[in-house]
Amino acid sequence: MKTKIIKAVKFMGLGYLEPLIRLITGEEVRKNSKDAFKRILFPLLSVVVFILLWHSFSNYLNNVESTLKIEKTLKNQGPEAAKKLEDCIASGDISCRPNSLPSPAMVATALGKLWDDHKIMATKKQDFIDKYETINEERAANGEIEIVYTGRPSFVDQIKTSLKTVFAGFLLSIIIAVPLGIVLGLSDTLRTSFNWLIQILKPVSPVVWLLLVSMIVKTVLTDVDVEKSFVISFISVGLCSMWATLVNTSVGVSSVDKDFMNVAKVLQLGTIKKIFKIILPSSFPMIFTGLRITLSVAWMVLIAIELLAQSPGLGSFVWEEFQNGSSDSNSKIIVAMFVIGIIGFMLDRIMMIFQKLLTFTD
Amino acid sequence: MAYLELKNVCKSYGEGKNKTEVLTNINLKIEEGEFVAIVGFTGSGKTTLVNLLAGLIEPDSGEILFKGQPISGTSHERGIIFQNYSLLPWLSVYENIAMAVRAVFKDWTSKQVDEQVRSFIEKVNLTHAINKKPKELSGGMRQRVAVARALAMKPELILMDEPLGALDALTRGNLQEEILSIWSEDKRTALLITNDVDEGVFMADRVIPLRPGPKATLGPEFNINIDRPRNKIALNHNDNFKTLRNGIIEYLMQIGKERTAGIELPNYELPDLVPMKFD
C-alpha cells in the first residue's frame with residue numbers, strides 16, 4: 001500500500017513527498033524527518049523569501065513613484081496641493097495610490113475580488129438560463145433562434161476559453177505534425193528537400209502567423225455564425241507550435257536504433273508492420289518530448305495571439321486590464337501572470353505523466 | 001553438397017583509399033545437424049561474417065549457398081541470436097517472443113502462438129519474468145529471452161553472434177548448458193561465433209579459428225571428438241579436451257604475434273635531454 005502510494009507520487013513528479021509519507025507511517029523516523037525537512041521545508045522557505053523580496057521591492061518602487069508624484073505636484077500646483085497629496089498617499093487611499101508594481105497583499109486581494117466576481121457572474125448566468133429555459137424551448141419549437149447569454153465573461157470563464165483554444169491548437173498541431181514527421185523521417189530525400197521550409201518557418205513569430213492565418217480564414221470562412229476569432233487564434237497557435245513535434249518526430253523516426261531495424265529485417269516484417277511495431281514505438285520518447293515542447297509553446301504564444309486576435313481568453317483579459325487602467329488593474333495582471341504560469345506548469349506535468357505511461361525508458 | 005557453403009566470400013567496407021577489406025576468401029562447409037564454432041579475436045570480422053550468413057549484408061564477391069541455393073536477404077530459415085540481445089524495450093518478454101512467432105507462423109491460431117511462446121519461455125527458465133520488460137531483467141536473463149526468441153522461430157540454421165560475450169563467467173556456463181540442452185532436442189545446424197576458446201570446444205563439433213582482420217580468413221579446423229552430453233567439470237580432466245584447447249590457443253597466439261610483427265613501428269628520434277643541475 002505504502003510503496004504503491006510512493007510509486008504513484010513519484011510517477012506524478014511529486015517525489016519530494018516521499019519522506020513525508022514514510023514519516024507518517026513511522027518508518028526510520030530520524031532519517032525521514034531530516035529528509036522531509038530538507039525537501040519540503042526549504043522549498044516552502046524559498047517561497048517566503050520570494051514574497052518578502054517582492055514585497056520590499058514593490059515598496060521601494062512605490063516610494064520612488066510617490067516622491068516623484070509629490071515633487072511634480074509641488075512644482076505645478078504649489079505646496080498646498082503637494083501636502084494634500086502626501087497625506088492622501090500616507091492614508092493609503094485607493095484614489096491616489098502610486099501606479100507601480102503591486103505588492104503581494106494587493107495581488108492576493110485582487111485574486112479574491114476576481115473570485116467573488118466569478119461567483120456573481122456565474123449566478124447571473126445561471127439565473128438567465130433558468131429564466132429563459134421555457135422561453136427557449138418554445139422558440140426552438142417554433143423554429144426561432146434561441147436567446148443566449150451574452151454577459152461579460154468572468155476571469156474563470158476566460159481561463160476556460162484559453163484552455164479550449166490551446167487544446168484545439170494542440171490537437172491541430174498533432175494532426176498535422178505527427179503524420180508529416182513520420183513521412184519525412186522515413187524518407188531521407190523528402191527530409192532533405194523540405195528541410196529549408198521547416199528551418200525558415202520554425203522561427204517565425206506568432207504575430208506573423210496570426211496575420212497570415214487571418215488573411216486566409218477571412219476569405220475561406222464567410223459564414224457569420226462561426227466564431228472567426230476563435231478559429232483564427234487556434235489555427236495560429238497550432239501552426240506556431242507544431243514545429244517542435246514535426247522536427248522531433250522526423251528525427252526520432254529517422255534515427256531508429258540499427259539493432260531494432262535488424263530485428264525487423266530478420267523477422268521479415270512488412271512495411272506497415274515495421275512502422276507500427278518497430279519504428280513508431282522506438283521513436284515515441286522523441287515524439288513525446290516534441291509534444292511537450294509543442295504544448296508549452298502553444299500555451300506561451302496563445303496569450304499573445306488572443307491579445308491580438310481579439311479572441312476571448314486570458315490574453316485579452318490581460319490586455320483589457322492594461323487598457324482600462326483602474327486602481328487594481330496592475331494587481332489583476334499579476335494574478336493572470338501567476339495563473340498562466342501555474343497552468344503552463346500543470347499542462348507540462350500532465351504531458352509528462354502521459355509520456356511516462358506511454359513510452360519506454362532504457 | 002554441403003548444407004551451408006561459403007565459396008571465396010569477400011567483404012569490404014568503404015571505397016578507394018579508405019577501403020578496408022574485412023573478410024577475404026572465406027571458404028566454409030557445414031553439414032546438416034553440425035554444431036560449428038568460429039573463434040577469433042575481437043575486431044577480426046566475426047560479426048560481419050554472421051551478418052553475411054543472416055542476409056543482413058551482401059558479400060562483394062563469392063557465393064553463400066544454403067541448401068544449394070544462393071541466399072538473398074533474410075529468411076526465417078536462418079535464425080540469429082544477436083550479440084547485444086536486440087530486444088525491443090517497449091515489449092515484455094512474452095510480447096518480444098510472440099512477435100517473432102507470429103511473424104514466422106502466420107497461419108497459426110493465437111492459441112498455438114501462445115503455447116509456443118510459453119513453452120520456449122519455460123525452456124529458458126524465465127516463466128517467473130514472463131511479463132517483465134527487458135530493462136527489468138539482468139544481462140543473463142535478457143540473453144535468455146533472445147535465445148528463446150530465436151529458437152521459438154524454429155529456424156533450420158541457428159546463427160549465434162557472441163551470444164554470451166557480455167555475461168559473467170558463471171552465467172555464461174549456465175547458459176552454455178541451457179543452449180546445448182535445447183539444441184540437442186532436435187539437433188539443428190548451428191554456427192556459434194565466439195571469442196572464448198573454452199566455449200567453442202565445450203559446445204561445438206568443430207572449431208575453426210578466424211585469422212584476424214583486415215583481410216580475415218579462416219584457419220585450419222579442429223575436430224572436437226568428445227562425446228555428448230559433455231560435462232563441464234569432467235572436461236577439465238579430459239586429455240583430449242586439454243590438447244584441443246591448447247592447440248587452438250597456441251594457434252591463435254601465434255597468428256596474434258604474426259599480426260603485430262607485420263606492423264612496423266615508426267622510429268622516433270628522442271631528444272637528448274639531461275636534467276639541469278642547480279648548485
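Residue numbers start from 1 in every chain, and the chains themselves are labelled A, B, ... in the order their sequence lines are given, proteins ahead of strands. Note: hydrogens, waters and symmetry copies are ignored here, and every other heavy atom, side chains too, is used.
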### Query
For B/T127 and B/E122, what are the C-alpha separation, side-chain angles and deciding distance, and is it a side-chain hydrogen bond (donor to acceptor under 3.5 Å, both in side chains)?
CA-CA 5 Å; B/T127 311; B/E122 207 182 313; 5.1 Å; no

### Task
List the steps and the verdict of side-chain contact (heavy atoms from CB on, under 4.5 Å) for B/I121 and B/I97.
CA-CA 8 Å; B/I121 290 176; B/I97 299 170; 3.5 Å; yes

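For B/A100, the parts lying near chain A are the backbone and the side chain together; criterion is any non-hydrogen pair under 4.5 Å. Within the 4.5 angstrom heavy-atom criterion, no atom of A/K258 approaches chain B. Proximity to chain A is limited to the backbone of B/L87, based on heavy atoms less than 4.5 angstrom apart. Neither the backbone nor the side chain of A/T359 comes within less than 4.5 Å of any heavy atom of chain B.
No donor-acceptor contact under 3.5 angstrom links the side chains of B/T48 and B/N51, judged on distance only. Under the 3.5 Å distance criterion, with hydrogens and angles disregarded, no donor-acceptor pair is assigned to the side chains of B/D196 and B/T194. For the residue pair B/D114 / B/Y94, a side-chain donor-acceptor distance below 3.5 Å is found, with atom types taken as modelled. If you check the side chains of A/N195 and A/Q199, you find a donor sitting under 3.5 Å from an acceptor. Looking at B/S92 and B/N131, their side chains never bring a donor and an acceptor atom within 3.5 Å of each other.
Ring-centre distance between B/F66 and B/Y3: below the 6.0 Å cut-off. The ring of B/F35 has its center closer than 6.0 angstrom to the ring center of B/W183.
One distance of note links CG of A/D257 with OG of A/S283; it measures 12.0 Å at 0.5 Å rounding. Residue A/L291 holds its CG atom at 7.5 Å from OG of A/S173, rounded to the nearest 0.5 Å.
For a heavy-atom cut-off of 4.5 Å, chain B lies close to no residue in residues 292-306 of chain A. Using non-hydrogen atoms only and a strict 4.5 Å limit, the part of residues 262-274 of chain A facing chain B consists of A/N262, A/V263, A/K265, A/V266, A/L267, A/Q268, A/L269.
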